[in-house]
Structure formats: C-alpha cells, structure tokens
Amino acid sequence: MSEGLQAPRGTLDWLPPRSAARRAMIDRFREIFERAGYGEAMTPVFEDTSLFARTAGESSEVVGKEMYVFEDQGGRSLALRPEFTAAMVRAYLEHGLSREPLPVRLWSAGSCYRYAAVQRGRYREFTQVNAEAIGSDDPAVDAELIALQLEWFTSLGLAGLELRLNTIGDPTDRGPYLERLRAYLDAHLDDLDGEVRRQRDLNPLRAFDTKVPTSAAIMAGAPKITDHVSLAAAEHFATVRAFLDARGIEYTLDPTLVRGLDYYSRTTWEVSWPALGAQSGIGGGGRYDGLAAAIGGAPTPGVGFACGVERVLLALEEQGRSPAPATPTDVFFAVVAGAARPRLHALMDEARRAGLTCEADLAGRGFKGQLKQASRIGAAWTVLCGDDEWARGSSLVRDMTTGEQSEVPLDLLVGHLRATITGWTDAA
RNA sequence: GUGGGCGUAGCUCAGCUGGUGGUAGCUCCGGGUUGUGGUCCCGGCGGUCGUGGGUUCGAGUCCCAUCGCUCACCCCA
C-alpha cells in the first residue's frame with residue numbers, strides 16, 4: 001500500500017462487524033453507569049496544553065513526551081487529550097457543578113491520543129471509557145466505581161481478570177515518605193540502574209516500576225508508601241476494602257502500584273487481563289483529591305477510572321466472544337421483475353417502519369443470486385416477486401428454514417409480514 | 001525512542017541456490033436448459049509481489065532506504 005493511502009501509524013479504522021462490537025461495548029458501559037446515576041459528559045478532544053501539564057504532572061511520560069501538542073492559528077497551545085480525568089474536573093469547576101448534589105457522577109467515551117510506540121493494544125488514537133465521581137471523599141465511592149468497572153468487564157463476558165489495589169496516601173504523607181525513599185535510594189545508588197536513578201529526582205515512586213532484576217531486588221526492600229500513610233488515609237483505605245469485601249470482590253494488594261499520573265492520591269487500582277501480554281492493563285483508576293486545586297479550583301475530592309476499549313475488545317476476541325450479537329434480518333426482498341422493483345422497495349420501507357429488519361438486492365443479482373444473498377445474511381423470510389406474481393399483483397412469502405411459501409397479495413404484504421413475524425395485527 | 005521478526009490477490013498462503021507472478025484455498029460474480037438459497041461441479045473478476053532506489057543481461061527472490069504490521073524494552077488504557 002502506498003503512503004497516503006493508509007491510515008496514519010497507530011490509528012485504527014472501525015468497520016463492520018468490529019465497529020458494532022465497539023459500539024456495543026460503549027452502550028453496555030452507558031447502561032451500567034446510568035443505572036448507577038452517572039450522566040454522560042462530552043468534552044473537547046483538545047484542551048489547553050497547560051490543563052494536562054498541571055494535572056498529570058510534568059514527570060509523567062504521558063504528558064512529558066507523549067502528548068500531541070499544536071498551536072492553533074490564534075497562537076494558543078493546545079493538546080489532544082491523552083486521558084479524560086483532567087477535562088472532567090475542568091468542566092466540573094468551570095460549570096459550577098459543585099452546587100449539584102455531590103458527588104457529581106459522569107461517564108464518557110471517546111478517543112484519546114498519545115504519541116507512543118505502536119504495538120498490539122497500544123495505539124496513538126485509542127478509545128477510552130471513563131467514569132468519574134467528583135465532590136466526595138467517601139470511600140464508598142471508590143468501591144462503587146471499582147465494582148461498576150468490574151461489572152462492565154464481566155457483563156461483556158470477560159473472565160480471568162486481575163484487580164490490584166493500593167493506597168498511596170495523601171500529598172502530606174508523601175513528603176516525609178519520599179524523603180525516606182530517596183534516602184534509601186541514595187544508600188543503594190551504586191547498585192541501581194540509570195533509569196531508576198533518573199526517577200530518584202523526578203518521581204521516586206516510579207522507581208518501584210523497574211523491571212531490571214538487580215534494581216527490583218533492591219526496591220523490594222525499600223520503604224513502602226502503604227506503611228507510611230496517615231491514619232486518615234489508612235482508615236479510608238480500610239473502608240474501601242470493607243466495601244469491596246462485602247461485595248465479594250477479589251483483589252490483591254500491591255504496595256508498589258503507583259500509577260503513572262501524578263495527581264493520584266489514596267486509592268489506586270489497576271485491572272489487567274494477563275493473557276494480553278505487555279499491554280495487559282485494560283483499566284485503571286484512582287482517587288485524585290488534589291487535582292481540582294492543582295488547576296486553580298477549590299479543593300475538591302474525586303475518584304475515577306478509565307478502560308481501554310481496544311484492549312478489552314482484544315481480550316474478548318481472544319476468548320472467542322463478541323460483544324455484539326448480529327441483528328438478524330427478518331425479510332429479504334427478492335424482486336426479479338424489473339417493473340416490480342419500485343413498488344416492492346416502497347413496501348419494504350413500510351415494513352421497516354413497522355419495525356421489521358429488511359433488505360433487498362441492490363446489485364442487480366439474478367433470482368438465484370438473490371436467494372443466495374437472502375440465505376447468506378440469514379433472512380428468516382424472503383419475499384419473491386417475479387413476472388408471474390407481479391402480473392397478479394402478488395408475491396410469494398418464503399419461510400427460509402422450512403422452504404414453505406405462500407402467495408400474498410401486495411396490498412396485504414406488509415400486514416401479513418408484520419402479523420407473522422411480530423404477531424401484531426391491525427385489528428389489535 | 002531502542003532492538004528482533006514480518007510485508008506476494010479482499011482474506012489465508014505457495015514461490016527451492018535470482019531466470020516469464022500460483023490450475024492454490026476462502027470470499028465475490030456468473031453458469032449447471034424456462035424463476036428458487038445454504039452442498040457439489042464448472043467458469044469468471046481480482047496482483048504497481050508495501051513503496052523508492054541500487055546490484056545484475058535478468059530481482060517477489062540480493063543490497064540500501066522508507067512506510068506499515070508485529071514482539072520485547074518503555075509507557076500505560
């Protein structure tokens with residue numbers, strides 16, 4: 001394929017039938033969250049660059065090197081959103097939603113953008129579903145979000161999920177702890193790899209993410225944030241766990257789970273589907289009580305998470321599941337008599353208005369070809385109209401499973417189809 | 001951004017050490033005596049061998065570059 005004729009690197013074309021799967025996944029997400037009182041929020045795909053810079057943190061990879069940043073014709077620096085949370089909080093503050101009953105619960109679905117190396121399950125334009133509860137620090141909210149997120153996965157038929165959970169305390173806990181951690185890192189500096197040493201200054205918590213075995217061994221002995229968290233944060237976390245336990249939700253505690261965006265505080269979690277390999281993280285979230293203040297608003301607690309739709313779909317496909325059962329066609333209109341086509345197509349419209357799923361040959365196929373097409377798309381019934389039927393002002397209605405067919409006058413066709421397929425009659 | 005693998009019809013793939021692109025399978029379209037599908041048989045459509053250079057009498061096959069996919073690192077959804 002020559003250049004210019006292919007979609008840009010790291011982007012995806014969504015075409016049938018896969019596009020239906022994506023849509024069904026988002027629809028399911030909507031159902032689950034609207035039943036829980038969440039409303040849909042749609043914000044721009046691009047925002048002022050500073051919104052993300054101030055919230056996700058300069059030290060994060062996502063903001064530091066993966067953002068699509070551009071200048072518009074008015075000289076403004078804008079960025080394609082790399083994630084939803086910052087925009088949700090921005091909208092909350094901008095529109096004074098703090099006067100709504102709290103917490104304000106929002107869900108959204110849409111494209112996010114990150115300039116990262118492309119791999120299966122990691123795209124530069126990708127789809128996230130997202131939910132945020134802003135304005136309450138009640139641990140019940142954290143737990144409910146986790147429960148709803150898992151509900152989405154399992155309702156799609158995804159099995160074998162892993163949930164990891166951690167608390168990283170409050171920013172005020174973080175200072176003293178970070179000093180302790182830095183001291184530990186400094187004491188072992190000679191044995192740590194360069195990447196970890198770089199993290200020491202930028203964001204020492206990320207040092208726990210190292211995959212270098214020698215460094216990982218040293219980090220295993222490092223002080224854990226979980227052990228240096230305030231009493232309030234520890235109690236908060238214990239309550240989150242109580243709500244999860246009461247629901248029978250299984251999780252593993254992972255004191256090294258830090259997450260890549262700087263705004264997180266207290267609860268953090270990650271859901272993975274291990275069989276996906278390097279891109280196994282299919283969802284993650286956490287509490288961000290300091291985010292609102294970071295972008296200049298009143299201090300406002302919040303929790304939220306996002307899931308990667310493409311990754312979840314890959315996992316479903318690997319399990320041989322499709323989130324979108326094909327909608328069966330009720331009637332196929334096979335019309336051979338050329339003169340009959342306009343009338344039959346008009347009747348088809350009428351049948352569609354009556355709620356039936358209908359198709360007709362749109363490629364000038366012969367009789368045999370049209371029947372073949374009807375059976376290929378799985379039509380339950382086929383309306384046949386050739387020269388003979390047309391001359392009589394009627395048609396043949398064929399049951400595609402039994403092969404039985406009966407003659408029905410065109411004037412009565414739609415009523416007949418509706419009665420036999422939906423059970424509805426005009427008299428009723 | 002770094003390293004490895006790959007790139008032949010819409011899809012799945014043959015193509016040995018360079019010598020004229022495959023009767024390949026699937027899909028699609030048509031036919032198998034007047035107008036009846038999912039099986040079978042026959043026929044047909046369909047390829048700038050990802051792209052651009054180079055070596056050579058000659059390159060799908062070798063070399064370089066580039067684009068894309070993929071795996072790992074990395075990052076995270």
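Proteins get letters first, then strands, A, B, ... in listed order; numbering begins at 1 in each.
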Next item on the list: May I ask you to decide if the ring planes of A:Phe33 and A:Phe305 are parallel, tilted or perpendicular, using 30° and 60° as cut-offs?
Entry: tilted
Notebook entry, point to check: Within the side chain of A:Thr422, is there an N or O that forms a donor-acceptor pair under 3.5 Å with the backbone of A:Ala419?
Noted result: no
Notebook entry, point to check: A:Gln119 has an atom CD; how far is it from atom P of B:rC74, in whole Å?
Noted result: 11 Å
Next item on the list: Just jot down the side-chain hydrogen bond (donor to acceptor under 3.5 Å, both in side chains) partners of A:Glu66, sequence neighbours excluded, or say none.
Entry: none
Next item on the list: Grab the OH-C1' distance between A:Tyr123 and B:rC71 for me, whole Å please.
Entry: 13 Å
Item checked: From CA spacing to verdict: side-chain contact (heavy atoms from CB on, under 4.5 Å), A:Leu161, A:Ile282 -> CA-CA 9 Å; A:Leu161 295 166; A:Ile282 56 173; 3.5 Å; yes
Note to self: Distance alone, cut at 3.5 Å: any donor-acceptor contact between the side chains of A:Glu40 and A:Ser108?
What the structure shows: no
Checklist line | Distance, rounded to the nearest Å, where A:Leu12 contributes CG and B:rC69 contributes C1' | finding: 12 Å
Item checked: Separation of atom CG in A:Asn130 from atom C1' in B:rC76, rounded to whole Å -> 15 Å
Next item on the list: Kindly check if the number of other-residue, nucleotide or ligand heavy atoms within 6.0 Å of CZ (A:Arg321) is above 12?
Entry: no
Checklist line | Partner nucleotide, any strand, of B:rU20 [Watson-Crick/G-U, under 3.5 Å] | finding: none
Next item on the list: Using heavy atoms to find the nearest nucleotide of RNA chain B for A:Arg398 and A:Thr127 separately, return the residue whose nucleotide is more 5′.
Entry: A:Arg398
Next item on the list: Treat primed atoms plus P, OP1 and OP2 as sugar-phosphate and everything else as base, then score nucleotides 25-35 of chain B 5' to 3': B for base contact with protein heavy atoms under 4.0 Å, S for sugar-phosphate contact only, - for none.
Entry: ---SSS-B--B
Check: How long is the line joining CD of A:Gln370 and P of B:rG38, in whole Å?
Finding: 15 Å
Next item on the list: Give one of base, sugar-phosphate or nothing for A:Ala374, where a contact means two heavy atoms less than 4.0 Å apart.
Entry: nothing
Next item on the list: Return the value, rounded to whole Å, for the distance between atom CZ of A:Arg120 and atom C1' of B:rC69.
Entry: 12 Å
Check: Roughly, in whole Å, what's the span from CH2 in A:Trp381 to P in B:rG37?
Finding: 18 Å
Margin query: Looking at B:rG1, which nucleotide sits across from it as a Watson-Crick or G-U wobble partner, both distances under 3.5 angstrom, or is there none?
Written below: B:rC73
Margin query: Closer than 4.0 angstrom, basic N to acidic O: yes or no for A:Glu132 and A:Arg90?
Written below: no
Margin query: Looking at B:rA65, which nucleotide sits across from it as a Watson-Crick or G-U wobble partner, both distances under 3.5 angstrom, or is there none?
Written below: B:rU51
